[in-house]
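Worksheet: one structure, shown below.
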Amino acid sequence: MSEAFANLSADTLVAALAANVREEGSRVAMRERDYGIWQEITWIDVQERVLAIAAGLEQLGLQPGQAMIVVGDNRANLYFTMLAAMCLRAFPAPIFPDVPVDQLDVYTRFGSPTLAIAEDQEQVDKLVGLRERIGRPHTIIFDDPRGLMLNRPEGVIALEQVLSAGRDRLKVQPALAGDLLSRARADDIAVLLYSSGTTGSPKGVPLRHRNVMRGVANAARGGYFRQYEEMFAYLPTAWVGDFVFTLGAGVMLRSTVNIPERQETVGHDIRDIAPTFYLAAPRAWDNMLTRIQVGMADSTALKRRLFDWFMPRAVDLERRLLAGQVPTVSDRIVKQFGEWLVYGPIKDHLGLSRAERAFTGGEALGEDTFLFFRALGIPLKQFYGQTETSALSAAQVEGSVKLHTVGSPMPGVEIQIDESGEILIRSESVIDGYFDDSQASAKAIQNGWLRTGDAGYIDADGHLAVLGRVSEVVRTAQGERFIPNYIENRIKFSQYVRNVAVMGAGRETLTAIVCIDLEATGHWAEKRGIAYTSYADLALQPEVLQLIAGVLQHMNSTQPEGLRIWRFTNLHKDFDADDGEITRTRKLRRNVVEERYARIIEALYDPSRSSVQFEAEIVYEDGARGALKRELPLVEVR
């Protein structure tokens, strides 16, 4: 093993933390912005706080093998508390911060969690509501004291109290620090995450230390990580990408993890940091492209002309480079001037001027978006993985990037395609099974191979292409096989479409329910003098309906005749995770959508209907319910 990756030999994240302190304790491990000022935290500081919190949590009764609820946005103290739980051979169970209180019990049913750490008053209130309903968590620890200094509910305590009590223990028990650093084992659960739950209740996914360590080691050996990265922690803490990329790789590879002041300041804070490693979901890259396009449309005439001249040439060059062509002298000259005048300033505005490694994963990324950012000089690549594989299975390598694949297997990862077309994965980064669910475990893991549930193929160069979910492979009435999600992702490549559901199983034709992107479509409408008052009003404007019809016409041009969209309607609202229509990671819950909008779907397949009246239930902030009736036009895609 190379000296650069010496820490990859550690068998737990706790052991890796201890090695960082021994070898480079004064190096900056984290920066967190507080009241506009970046506070630096060294590895020595991290370990001191982690051990103090661990000593305090043990006094509060956190036991080995027990879950600890974590809910809130990215905060250094939440990461410290997660590591502290690992010191006690317990494990954090992070929850998406926007999960409503009436759904919290679904995400707290494994590991008997009696303790919880919450970011602020909002999350404390939700946990108190959960406790009133199911009897736990008994103790709720909070980080941000605002709103919690007076009239604090019973069992709610400040993290500072836990820290203080832990420090007192460490003072009177000198051997305790070493003991806490040596307890964790490779087979211990490092974190309990939850599956997306697209087809039912989310399953508990226990990632053990050895899974995370091996996943990061595989990625590092494949060149996807470097030591001493500058990382930006803004992803949801309950997503596997944040735990593995931010906390796992951050500790193992001695990265500096930069934490924004709050989610609302992410765009400003990232420009201060300019991370060297950046991960974002496809929709985030799409949104960035939309913001750039909207911003350029509102800029000066000179800037627009420069953008409109240089960007098409940069995209064309990138397309030719991916096809294996060698850039000409003219290409290099244009590229250099473009860097000075257009590409560099845009990257600097995005905070990605130093992004040497930029990745996206989770679903397909549009070709236009992918080429645009690579044309800017951001070496964007796609990766493939699931929560069950520690997120790291396959990724693209610079020099062999293809538009429609996710790259080749990482070192230490085997990938096969079975006779049904399902992707199978075997690696030490793969979980042993689901939490307290032997039936689901036996179904998913067979003979050491994880059945991913994804359909795909491996091309002649050994690159993996992912088509969609195997369970979603359906046939039209004529027997044409298709995966709705595959078509949906390609429709969502348009900046004007945020979500879409495609129907057609057992039908003569395909139809779609479309949810527009409010920002991009709203800007398009404003430029054309189209007035609107709300999302629904905008979505149902005749001009917007024709805009979306054009998007679907373009998609149809790439599809076989039997798999083209015949009719569609724009929905009066976006699909919402709170309504159960999509998951927290924005995956479509098809069964919910098809049941809730059955009346719309039947109308789409009735050629005598030109519109359908739909009554939508509205829940106000005070809990009161109302109804809103909308007449939704049914538009044929010609």
Side-chain angles (χ1 to χ4, degrees), residues 230 232 234 258 265-360 365-382 396 398-399 401-403 492-496 517 519-524 526-528 554:
E230 287 285 346
F232 192 65
Y234 75 104
N258 299 277
T265 66
V266 163
H268 176 271
D269 295 348
I270 192 174
R271 290 194 288 273
D272 283 354
I273 297 302
T276 61
F277 184 100
Y278 187 71
L279 169 66
R283 177 52 62 178
W285 290 104
D286 290 337
N287 290 341
M288 272 193 281
L289 175 54
T290 298
R291 290 201 306 272
I292 292 169
Q293 292 169 332
V294 169
M296 292 310 303
D298 289 335
S299 65
T300 65
L302 175 60
K303 288 182 179 179
R304 284 198 303 272
R305 282 197 292 270
L306 288 171
F307 181 85
D308 292 341
W309 195 91
F310 278 102
M311 280 313 307
R313 286 163 174 77
V315 170
D316 176 68
L317 172 60
E318 184 60 31
R319 192 184 296 274
R320 288 188 281 117
L321 290 174
L322 292 181
Q325 295 185 24
V326 178
T328 65
V329 173
S330 175
D331 288 332
R332 293 192 179 96
I333 294 172
V334 171
K335 184 76 172 177
Q336 185 57 64
F337 276 97
E339 179 68 25
W340 292 333
L341 297 172
V342 178
Y343 320 142
I346 292 176
K347 287 186 290 186
D348 185 62
H349 176 73
L350 296 174
L352 299 178
S353 57
R354 296 196 301 163
E356 299 168 3
R357 279 160 294 286
F359 288 92
T360 187
L365 178 67
E367 181 177 315
D368 291 344
T369 303
F370 187 68
L371 287 170
F372 178 88
F373 284 104
R374 288 187 60 86
L376 278 180
I378 298 171
L380 180 59
K381 301 179 188 69
Q382 299 193 64
Q396 296 173 332
E398 199 63 41
V401 172
K402 295 185 178 183
L403 289 172
K492 288 191 293 184
F493 289 167
S494 167
Q495 61 179 311
Y496 304 116
D517 184 284
E519 181 181 7
T521 308
H523 187 268
W524 179 90
E526 289 166 10
K527 286 294 183 182
R528 287 156 180 79
H554 175 72

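- Salt bridge annotation for Lys492-Asp286: absent, with no cationic side-chain nitrogen under 4.0 angstrom from a carboxylate oxygen.
- There is no side-chain donor-acceptor pair under 3.5 Å between Thr290 and Asn287.
- A donor-acceptor pair is defined here as one N or O able to donate and one able to accept, closer than 3.5 Å; no such pair exists between the side chain of Arg357 and the backbone of Phe277.
- Remark: Lys335 engages no residue in a salt bridge (charged side-chain N to carboxylate O under 4.0 Å, His left out) (not counting sequence neighbours).
- The CD1 atom of Ile270 sits 11.0 Å away from atom OG1 of Thr265, with the distance rounded to the nearest 0.5 Å.
- Within the model, atoms CG of Asp269 and CG of Asn258 stand 9.5 Å from one another, a figure rounded to the nearest 0.5 Å.
- For the side-chain hydrogen bond (donor to acceptor under 3.5 Å, both in side chains) test, residues two or more places apart in sequence or in another chain that qualify with Gln293 are Gln495.
- Proximity of a side-chain donor or acceptor of Asp316 to a complementary backbone N or O of Arg313 within less than 3.5 Å is not detected.
- Across all their heavy atoms, Ala274 and Ser353 have their closest contact at CB-OG, 3.9 Å.
- With rounding to the nearest 0.5 Å, the separation of CZ in Arg291 from NE2 in His523 is 13.5 Å.
- Legend: side-chain hydrogen bond (donor to acceptor under 3.5 Å, both in side chains) pairs involving residues 299-312, not counting sequence neighbours: none detected.
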Enumerate, atom names and distances included, each donor-acceptor pair closer than 3.5 Å involving a side-chain atom of residues 341-352, sequence neighbours excluded.
| unit_1 | atom_1 | unit_2 | atom_2 | d |
| --- | --- | --- | --- | --- |
| Tyr343 | OH | Phe310 | O | 3.2 |
| Lys347 | NZ | Glu339 | OE1 | 3.3 |
| Lys347 | NZ | Glu339 | OE2 | 3.1 |
| Lys347 | NZ | Leu376 | O | 3.2 |

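- A donor-acceptor distance shorter than 3.5 angstrom exists from the side chain of Trp285 to the backbone of Ala280, with no hydrogens or angles considered.
- Applying the ring-ring contact (aromatic ring centres under 6.0 Å, His included) definition to pairs two or more places apart or across chains, those involving residues 320-342 are Phe337-Trp340.
- Ring pair Tyr278/Tyr234: centre-to-centre distance below 6.0 Å.
- Atom CG of Leu279 is separated from atom NZ of Lys381 by 13.0 Å, given to the nearest 0.5 angstrom.
- Judged purely by atom type and a 3.5 angstrom limit, Arg354 uses its side chain to pair as donor or acceptor with the backbone of Ile273.
- Not a single donor-acceptor pair under 3.5 Å links the side chain of Gln382 to the backbone N or O of Gln396.
- The closest side-chain heavy-atom distance from Asp331 to Arg320 is below 4.5 Å.
- No donor-acceptor distance shorter than 3.5 angstrom exists from the side chain of Thr276 to the backbone of Glu356, with no hydrogens or angles considered.
- Considering CD1 of Ile292 and CZ of Phe373, their distance stands at 4.5 Å, rounded to 0.5 Å.
- Using a 4.5 Å heavy-atom threshold, the side chains of Phe370 and Leu403 count as touching.
- With sequence neighbours left out, Gln325 forms a side-chain hydrogen bond (donor to acceptor under 3.5 Å, both in side chains) with no residue at all.
- Using a 4.5 Å heavy-atom threshold, the side chains of Asp298 and Lys527 count as touching.
- The shortest side-chain heavy-atom distance between Leu380 and Thr369 does not fall under the 4.5 Å cut-off.
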